[in-house]
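Just so you know, ligand 1 is whichever comes first in the structure, and atom 1 is the first atom listed for that ligand. Computation of the quantities below employed the complete heavy-atom set of this structure, encompassing side-chain atoms and omitting hydrogens, waters and symmetry-equivalent molecules.
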Amino acid sequence: MCGIVGLVGNTAASPRLVEGLRRLEYRGYDSAGIATLSNSKIDICRAEGKLINLEERIKETPLSGNIGIGHTRWATHGAPSVLNAHPHSTKSVAVVHNGIIENFSSLRSMLKAEGHEFISDTDSEVIPKLIHHLLEQGYKPIEAVASALKRLEGAFALGIIFAGHEQLLIGARRGSPLAIGSHEDESFLASDAFAMAPFTRRISYLEEGDWAVLRPGVTEVFDSSDRAVSRTFQETDYNLDIAGKAGYQHFMEKEIHEQPRVIRDTLNTYYNSAAGKIFLPNDNKELEKLDQLSIVACGTSFYAGLTARYWIEGIARVPTIVDIASEFRYLESPLKENGTALFISQSGETADTLAALRFAKSQQQKIVSVVNVTESTMARESNIVMPTRAGIEIGVASTKAFTTQLVTLACFSIALARKRGAISNKEEVRLTNVLESLPELASKVLAQNQSFIEISAELSEVETVLYLGRGSSYPIALEGALKLKEISYIHAEGYAAGEMKHGPIALIEKNTPVIFIAPSGPLFEKTASNIQEAAARGARIILISDKKGITALNELIHIAFEMPEVDEFVAPILYTIPIQLLAYYTAVSRGTDVDQPRNLAKSVTVE
Ligand code: M6R
């Protein structure tokens, strides 16, 4: 998704803007640009494609000045091109924008009627034209922005600079995240704290509707009614060294291998060693009486929710519905009075999930969120925040964020079950011990890394792959298919194994790869029948199971990945690792851009 960065200080802006943009690359983008003020005049450089193209252009025509704004663009309105890239400008104002201006069409017509010309296909271009129009009418820069903000509909995070004003940078947010920061005599803004980490650790996330006036070392914040407000600043602890992939070829590979540690960190967040029990962050009485839970999320986070349903219904005995946020937000479901809704999001900024959360809040639901970015909007708008401890995830394809979401949700289920008296002490101790064994088991699976390379080379040649699983392996089949699609661009379908004969079986022909996620356990025999059915139609069976499962089906298998024996409770968490490795090595074999796959954004902050 688009990323913005801006700074005003006393040293050259251009190289630092590019450094900030590099730290926003992980969000996904297809063009980039910066603007600075030199001798009071706006200078702009933009390029299509990766940041390296922008750097080449800057080398040819350097930009001077100590104030500037920068942007990575993920195309929504208008193709990726230099003309559509940000910053957009007039001779008096330059703007970078993340979000969508929904009333751009009417604003554009109004401005055109006033004689303003448009050169891009973007919705964003109306912003500098509108501000310019107001400046022409005699508004001062700050007043012009305050007035323009009231006329914009939709979502935005903005960075704005003005010709002739070398000490004035304005930021604004509505719907899209924006953080501000300062250090000595410099001030900064960016889509996230990570982009600002080389310049300052002292940051504040703006609240919805806020806008900020930044001057060297001084920040002032105003709310949506233009009242001066004070916002809390905090110290971030982001690691500066993102260039290092710790010896791995890609961030995704590094993040897959970080899982034993981050699973442990996440468990430690909820496990109280003195009590030998798992606890929720707030001791919340209402959860005891919970008679239905709505879980809402998008993409991989939605699959974490689907998995959690097996635990929450099976262990805590709470009826649970799981929905995709982009549908839930428009369903207008009749939610139970004083019910609870749980939202899952790595970024905590996904537009649809956030809108669904706000809908649930408007229906008097108690809001629980499982988020990785604890400063995010979702975290700030929730009653109970359950952090995942994945650390920053740079690869666009979610890996460690997913497994730590699962661990968090597994802890939630245990604590909820105890609160509701749905679990015996003995069973609670058993499940907790099983969770505790996960980091070590994850390390064992990762140690078999090499065995995924060979089959991935084979998979990289195929056109379609089916992923099948039953019970809590079903969401992992969905996640496996999503991972493969995202980074290798191979068509893949995830299905509940029992549904295969109701349709997808028609896809199977000789040698079609069908990946079964089938730990031995209560549902194994049923899945084994589906494996028989697929094999009978010539499928290349790739089985992910334990020794017992593999031995039982030896005759039918093209290739098997042997997993450690594991309790059914945590099997979906552990069985995620092989499907991540399969997708990863297949993508590497195909030579795709693993960390920044085409068309994808890390955090989808538009509808
Ligand atoms: O930040 P979120 O967890 O809310 O993001 C949701 C999805 O956009 C995300 O999981 C997406 O599906 C990933 N690219 C999956 O790898």
Side-chain angles (χ1 to χ4, degrees), residues 1-3 26-29 74 175-177 191-192 194 250-253 255-256 259 295-308 322-329 342-358 367 369-379 381-382 385-388 390-406 408-409 467 475-476 478-489 492 494 576-577 579-584 586-587 592-607:
M1 212 55 6
C2 302
Y26 78 98
R27 295 163 70 94
Y29 71 107
W74 184 82
S176 304
S191 296
D192 61 34
F194 186 59
H250 297 100
F251 284 111
M252 182 179 175
E253 186 188 17
E255 287 159 3
I256 289 173
Q259 288 178 111
I295 301 184
V296 185
C298 296
T300 287
S301 299
F302 168 66
Y303 299 147
L306 281 183
T307 314
V322 189
D323 245 318
I324 297 165
S326 54
E327 291 301 321
F328 176 86
R329 62 181 292 191
L342 186 149
F343 298 85
I344 308 169
S345 175
Q346 187 284 127
S347 60
E349 301 291 350
T350 300
D352 285 317
T353 313
L354 185 57
L357 182 154
R358 287 176 177 159
I367 308 295
S369 65
V370 173
V371 288
N372 194 36
V373 181
T374 46
E375 309 86 7
S376 61
T377 313
M378 276 182 224
E381 297 192 11
S382 299
V385 181
M386 299 196 67
T388 55
I392 187 158
E393 191 178 65
I394 303 278
V396 164
S398 224
T399 53
K400 60 176 181 167
F402 179 63
T403 44
T404 53
Q405 284 169 348
L406 292 180
T408 305
L409 290 161
Y467 285 75
I476 308 309
L478 295 173
E479 171 63 2
L482 177 65
K483 276 303 76 99
L484 191 74
K485 279 186 271 211
E486 280 190 299
I487 58 170
S488 75
Y489 317 144
T576 296
I577 296 174
I579 57 107
Q580 294 171 343
L581 290 169
L582 270 180
Y584 173 72
T586 305
T592 58
D593 189 348
V594 171
D595 284 331
Q596 289 164 31
R598 70 182 180 205
N599 304 337
L600 291 181
K602 180 72 186 156
S603 157
V604 183
T605 51
V606 293
E607 269 191 63

So if I count the atoms of ligand 1 from 1 in the order they appear, which ones are less than 4.0 Å from some heavy atom of [X]?
X: Lys483; value: 15 (C), 16 (O)
X: Ala397; value: 16 (O)
X: Ser301; value: 2 (P), 3 (O), 10 (O)
X: Ser345; value: 1 (O), 2 (P), 3 (O), 4 (O)
X: Ser398; value: 15 (C), 16 (O)
X: Glu486; value: 13 (C), 14 (N), 15 (C), 16 (O)

Distance from [atom] to nearest protein heavy atom, with residue and atom:
atom: atom 8 (O) of ligand 1; result: Val604 CG2, 4.1 Å
atom: atom 4 (O) of ligand 1; result: Thr350 OG1, 2.4 Å
atom: atom 7 (C) of ligand 1; result: Cys298 O, 3.7 Å
atom: atom 9 (C) of ligand 1; result: Thr300 N, 4.1 Å

Is any N or O atom of Ser347, backbone or side chain, closer than 3.5 Å to an N or O atom of ligand 1? yes
Does an N or O anywhere in Ala601 fall below 3.5 Å from an N or O of ligand 1?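 No; the residue has no nitrogen or oxygen that sits under 3.5 Å from a nitrogen or oxygen of the ligand.
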Does a salt bridge link Lys400 with Glu393, judged by any charged N lying under 4.0 Å from a carboxylate O? no
Asp352/Arg329 salt bridge by N-O under 4.0 Å criterion: yes
Examine the side chains of [X] and [Y] and answer whether a donor and an acceptor come within less than 3.5 Å of each other.
X: Ser488; Y: Lys483; answer: no
X: Gln346; Y: Ser301; answer: no
X: Thr403; Y: Gln259; answer: yes
X: Ser382; Y: Ser369; answer: yes
X: Tyr584; Y: Glu253; answer: yes
X: Gln580; Y: Thr399; answer: no
X: Tyr489; Y: Asn599; answer: no

So which bit of Glu349 gets within less than 4.0 Å of ligand 1, heavy atoms only: side chain, backbone, both or neither? neither
contact_flag Val396 ligand 1 heavy-atom lt 4.0 Å: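 Right, Val396 reaches ligand 1.
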